[in-house]
Each structure stands twice: as C-alpha cells, then as structure tokens.
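Here the structure comes first, spelled out in structure tokens, and everything after it is commentary.
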Amino acid sequence: EQFLKDREEEAARQAELREEMAEEQLRENFQQRILDRMSRMRLPSYQIFQEERKSWAKRLMQNILTLKELSDQWRMETPSRDHALDREVAEKFKDLEDLGDQLFKDLAYSFFEEFVMKEEEEIMTSTALVRHAECRHHSLFLRGRVVACIKAENGVLAKAPLLDVKYHPGWKQISANELYVLQSLDTELKVKTYPEEIWRDVKEDLFEDDDRGSHNKILSRLLSMAGGTSEGSNRTETLNFCADLLGFQAPDDLKYRIWEEHFLRFLEVQRVPIQYGSGKQFKLDKIWASKKEANCLEALMGALHQAGLQQQCKALAALAALCHLAPPDLRVLVPSNWTMAEKVLANAEKMTANPELFGGDLFLRKLASRHMDQAKLASRMEQ
C-alpha cells in the first residue's frame, strides 16, 4: 500500500510539473514516464474480446450520438458543487455523475452474476427441491448446478436457522447440512443456482482438500468477486480506459494529442470532443485532473438512465466490466490521462514484483477468463 501511495503521490507531482512544461519537455516526459515503462511490462495478457470491444464501443458511441432524447450536458464538465460559481449548473452535472457512479457499480455486479457466475433463478416447491436435490461436498446439486440460496416470498424462512445472503435481502443460504429445514415445509421457493464448474474452481482455491469446504465460504467468495467487479469497474483508471474506447477527446489539450499520436491507431474510434474543465474552480479539487474522464463518463451513464435508455446503460457497464476483468495489454495501450497511465503502470510493476499482493484481482481475472459466457455476451453486445 505504501508503494502505491508513493507512486500516486509522485504521479500527482508529475501532473503539477507538466502544467509548466513546454511541448518538447512534455514529449520527453511522456517518453520517460510512460512509453519507456510500457516497454518493460511483463504481465499476462487477457484476450477476452480485446478486439471486439473496440467495435462494440464505436457502435455504442455512434448510437448515443444519434439519440435526440439525450442532452449534451454530460459532455460539459463542471467543478464540484462546493467550488462551482454556477451552483445550479454544477448540481445538474454532479447529479448525473453521482447517479452514473452507482449505476456502474450495480450494473457491473449484475454483469458478473449473469455472464461469469451464470446465475439462474427458478421457482419450485420446497418438496420438489428436497426430492430432487443431490447432497455432496457440503452442498446441494440440482441438474448439475449448485443450489446456492433460496427465498420464500411468504416469509416462512424468516426465522429458519439459515444464514442470510449478504446484500441480497430475503435470500437464505442452503447447504446439504440444512436440507432438513425444508423437509417440514411445503411452500413455493425461488432457487438460485450456479454451474458446478465455477463452484469447484472457487472451492479449490479456498480449500486444498476436496473433502473439506464450506458452502458459506464458497458462496461468500463468489459474491465478493461480484463485488470486486463492481468496485473495479468503477475505478478511475478503468473508466478512463472505457472513455478512450468510446472516443472521448480533449482537442485543445496537447497531452491528449501526444497520447493520440502513439495509441489512436490501436482503437476503432470516432473522436468525440468533450468540454473538460479548466481553471481555478476545478483545481481546488486536488484530484480533479486525474478523474475528469471518469466524471464525464459517469455523467453519460446517468443521463442515459434518466432518458430511459437502459440497454445503452448495460452496454456501457459491460465495456467497463471487461476493462476491469480483462484489462488492455499495457505493452500496447495505457489510459489517455497521463496520471492514470502512471497509476496503472505502477500497479503493474508492483504486481510483477509481488503478485501475492494482488491475488484477489489475479484470481478474479483467471475465473472470468475461464467461465465467462462469451457467446451470450457477444450476442448481447452485437444487438
């Protein structure tokens, strides 16, 4: 943590220094601080839809730009509410940004549940579940899938000796050891199941001995990875990658033009001019310069939601989730925001030197690579 903190502080210091640099100095700084470090990267490359996501992003942005019901407010960044001179305009932009921030998290969580965990939900009676479920390895199995949790709308399970599922109100964990709870009931249940293969992979990562294991710990680990996808998809650097795929551009910013000279050829983008902020009111927020792309992307998500464009919201969240679960190869592409570029490079350097400190992210990406329903996702995105 101290390493990353030191690197972030150094990146912030570099950002301040760049404000005073002439073009030649900026180009030298970009070469030394970013390009030279990219050439030394030794991280695994994640191949899930690296090429396809470029065309998906291009088509999504083309669609968004034709939407008459969507205003351009998301493209005009404002200072924070506390620092803005025009508080009313800032409120409108920041409301969109705040809404988008939460939507990226919620939709990325759902993305992981649907496309990686391959969650299925069905309705059946408790009697049928008891009759057809197979008990093994501490869990219940139904037609080759693990029964993870159950829910009864009539509240009959409220006082049952079953563990609650965190962040899933009303849902109760059900393992082989607790099947007896259902034997005296005759009620309709909602039943959530997951593929046996992903359950087994998580179990093997948690427990070396196949005879050991805990249904609770395995389910909690799976849901925590959905939460990790939620948080990771909303990281500033992830949203910066996503904004770059969509074509966000600051045409008057020399740093963007230098970045484009090196990386625009790797993207299939129609450049979309964005009116990022500048001046004293913006700089009063010490980290504004590193998150302006994320601010406008979150505002776009919020604006799409307010306009009732839920399919576009889901597609946008899917791009962000992919940028977290299968990030671009840092030998090929870094974020357009130089501070974020330095951040991802510092993370990668630390990950190479001490991979054990990044076990959560590495296992999450391995799991996504192995279990993502790529055919279903491709079909959805092509729509």
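Remember, it's a predicted structure, so these values are computed and weren't measured experimentally.
Side chain to side chain, Asn354 and Lys350 meet the donor-acceptor criterion of an N or O pair below 3.5 Å. Using modelled atom types and a 3.5 Å distance limit, the side chains of Ser290 and Asn337 yield no donor-acceptor pair. For the 3.5 Å distance criterion, the side chains of Asp285 and Ser80 fail to qualify, holding no donor opposite an acceptor.
When all heavy atoms are compared, the tightest approach of Ser230 to Asp106 is OG-N, 4.4 Å. What you find for Ser369 and Gln374 is that their closest heavy atoms are O-NE2, 4.2 Å. Scanning all heavy atoms of the two residues, the minimum distance from Ala148 to Leu219 falls at O-CD2, 3.7 Å. Residues Ala321 and Ser233 approach most closely at CA-OG, 3.2 Å, considering heavy atoms. When all heavy atoms of Thr78 and Phe282 are compared, the pair lying nearest together is C-CE2, 3.2 Å. The minimum heavy-atom distance linking Gln312 with Leu60 is given by the pair CG-CD1, 4.1 Å.
Once rounded to the nearest 0.5 Å, the distance linking CG of Asp205 with NZ of Lys203 reads 13.0 Å. In this structure, NZ on Lys255 lies 6.5 Å from CG on Leu26, to the nearest 0.5 angstrom.
Electrostatic pairing of Glu342 and Arg18 counts as a salt bridge here, judged by a charged N lying under 4.0 Å from a carboxylate O. A salt bridge links Asp98 and Arg81; the closest N-O separation between the charged side-chain nitrogens and carboxylate oxygens is under 4.0 Å. A salt bridge does not link Arg257 with Asp252: every distance from a Lys NZ or Arg NE/NH1/NH2 to an Asp or Glu carboxylate oxygen is 4.0 Å or more. A salt bridge links Arg235 with Asp361: the distance from a Lys NZ or Arg NE/NH1/NH2 to an Asp or Glu carboxylate oxygen falls below 4.0 Å. In this structure, Asp36 does not pair ionically with Arg40, as no charged nitrogen and carboxylate oxygen lie closer than 4.0 Å. Using a 4.0 Å cut-off between charged nitrogen and carboxylate oxygen, Glu237 and Lys343 count as a salt-bridge pair. Using a cutoff of 4.0 Å between basic side-chain nitrogens and carboxylate oxygens, Glu114 and Arg380 are scored as salt-bridged. Comment: Asp201 does not engage Lys366 in a salt bridge, judged by the lack of any side-chain N to carboxylate O separation of less than 4.0 angstrom.
In this structure, Leu325 and Thr229 have side chains that are in contact, with non-hydrogen atoms separated by less than 4.5 Å. For the pair Met41 and Thr352, the minimum side-chain heavy-atom distance is 4.5 Å or more. Side-chain contact between Leu246 and Lys58 is absent, with no heavy atoms from C-beta onward closer than 4.5 Å. A heavy-atom distance below 4.5 Å is found between the side chains of Glu77 and Lys292. Between Asn29 and Gln14, the closest side-chain pair of non-hydrogen atoms falls below 4.5 Å. The closest side-chain heavy-atom distance from Trp74 to Ile274 is below 4.5 Å. The side-chain heavy atoms of Met38 and Leu330, taken from C-beta on, include no pair separated by under 4.5 Å. Between Tyr276 and Asp253 the shortest side-chain heavy-atom distance does not fall below 4.5 Å.
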Between Ile150 and Lys190, does the side chain to side chain contact (heavy atoms under 4.5 Å, CB included) criterion hold? Intermediate values first, please.
CA-CA 6 Å; Ile150 57 177; Lys190 288 183 178 179; over 6 Å; no
Could you give me the CA-CA distance, side-chain angles and deciding distance for Asp186 and Ser126, then say whether side chain to side chain donor-acceptor pair (under 3.5 Å) is met?
CA-CA 6 Å; Asp186 184 16; Ser126 54; 4.6 Å; no
Quick one: do Glu28 and Gln31 satisfy side chain to side chain contact (heavy atoms under 4.5 Å, CB included)? Show the steps, please.
CA-CA 5 Å; Glu28 183 179 352; Gln31 180 69 47; 5.7 Å; no
Yes or no on salt bridge (Lys or Arg N to Asp or Glu O under 4.0 Å) for Arg59 and Glu382, after CA distance, side-chain angles and deciding distance?
CA-CA 9 Å; Arg59 289 174 52 199; Glu382 289 297 337; 2.6 Å; yes
Pair Glu260, Arg271 - check salt bridge (Lys or Arg N to Asp or Glu O under 4.0 Å), show working.
CA-CA 10 Å; Glu260 286 180 344; Arg271 302 306 277 160; 2.8 Å; yes
Hey, mind stepping through Leu297 and Leu316 against side chain to side chain contact (heavy atoms under 4.5 Å, CB included) and telling me if it holds?
CA-CA 9 Å; Leu297 186 60; Leu316 198 55; 4.0 Å; yes
Show, in sequence, the C-alpha distance, side-chain angles and deciding distance for Lys54 and Glu51, and conclude whether the salt bridge (Lys or Arg N to Asp or Glu O under 4.0 Å) test is met.
CA-CA 6 Å; Lys54 299 175 186 177; Glu51 293 303 314; 3.3 Å; yes
Walk me through whether Glu261 and Arg27 qualify under side chain to side chain contact (heavy atoms under 4.5 Å, CB included).
CA-CA 11 Å; Glu261 290 171 9; Arg27 291 184 179 280; 2.7 Å; yes
With salt bridge (Lys or Arg N to Asp or Glu O under 4.0 Å) as the criterion, how do Arg136 and Glu134 come out once you've worked through the C-alpha distance, each side chain's angles and the decisive distance to 0.1 Å?
CA-CA 7 Å; Arg136 56 188 162 90; Glu134 176 189 355; 2.9 Å; yes
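Tracing side-chain contacts under 4.5 Å through hydrophobic residues (I, L, V, M, F, W, Y), one never reaches Met340 starting from Phe248; they form parts of separate clusters. By the criterion of side-chain heavy atoms lying less than 4.5 angstrom apart, applied directly or through intervening Ile, Leu, Val, Met, Phe, Trp or Tyr residues, Val269 is grouped together with Leu245 in one hydrophobic cluster. One hydrophobic cluster holds both Ile34 and Val344 under the rule that ILVMFWY side chains link at heavy-atom gaps under 4.5 Å. Grouping the Ile, Leu, Val, Met, Phe, Trp and Tyr side chains by contacts below 4.5 angstrom, directly or via other members, places Tyr109 with Leu103. Residues Leu99 and Ile64 share a hydrophobic cluster, clusters being chains of Ile/Leu/Val/Met/Phe/Trp/Tyr side chains in contact below 4.5 Å.
The neighbour count for Glu69 CD, taken as heavy atoms of other residues, nucleotides or ligands under 6.0 Å away, is above 12. Counting non-hydrogen atoms of neighbouring residues, nucleotides and ligands closer than 6.0 angstrom, the OH atom of Tyr180 exceeds 12 such neighbours.
Annotation: cation-pi pair Arg145/Tyr194 absent, no NZ/CZ under 6.0 Å from the ring centroid and within 45° of its normal. Stacking of Lys314 on the aromatic ring of Phe111 is not recorded, the 6.0 Å distance cut-off and the 45° axial limit not both being met. Annotation: cation-pi geometry not satisfied between Lys283 and Trp288 (NZ/CZ under 6.0 angstrom from ring centroid, within 45° of ring axis).
Side-chain atoms of Lys118 come within 3.5 Å of backbone atoms of His371 as a donor-acceptor pair (strictly under, hydrogens ignored). Using a distance-only test at 3.5 Å, with no hydrogens or angles considered, a donor-acceptor pair links the side chain of Gln50 to the main chain of Tyr46. A donor-acceptor pair under 3.5 Å links the side-chain atoms of Arg75 to the main chain of Pro273, judged by distance alone. When atom types are taken as modelled, the side chain of Glu298 and the backbone of Asn295 share no donor-acceptor pair closer than 3.5 angstrom. Distance alone, capped at 3.5 Å, places no donor-acceptor pair between the Asp164 side chain and the Lys166 backbone.
Note on ring orientation: taking the six-membered ring where Trp is involved, the planes of Phe30 and Trp338 are tilted (angle from 30° to 60°).
Applying the side chain to side chain donor-acceptor pair (under 3.5 Å) test between His215 and each of Ser139, Ser220, Ser175 identifies Ser139 as the sole match. If you run side chain to side chain contact (heavy atoms under 4.5 Å, CB included) between Val116 and each of Met225, Arg370, Met372, only Met372 comes through.
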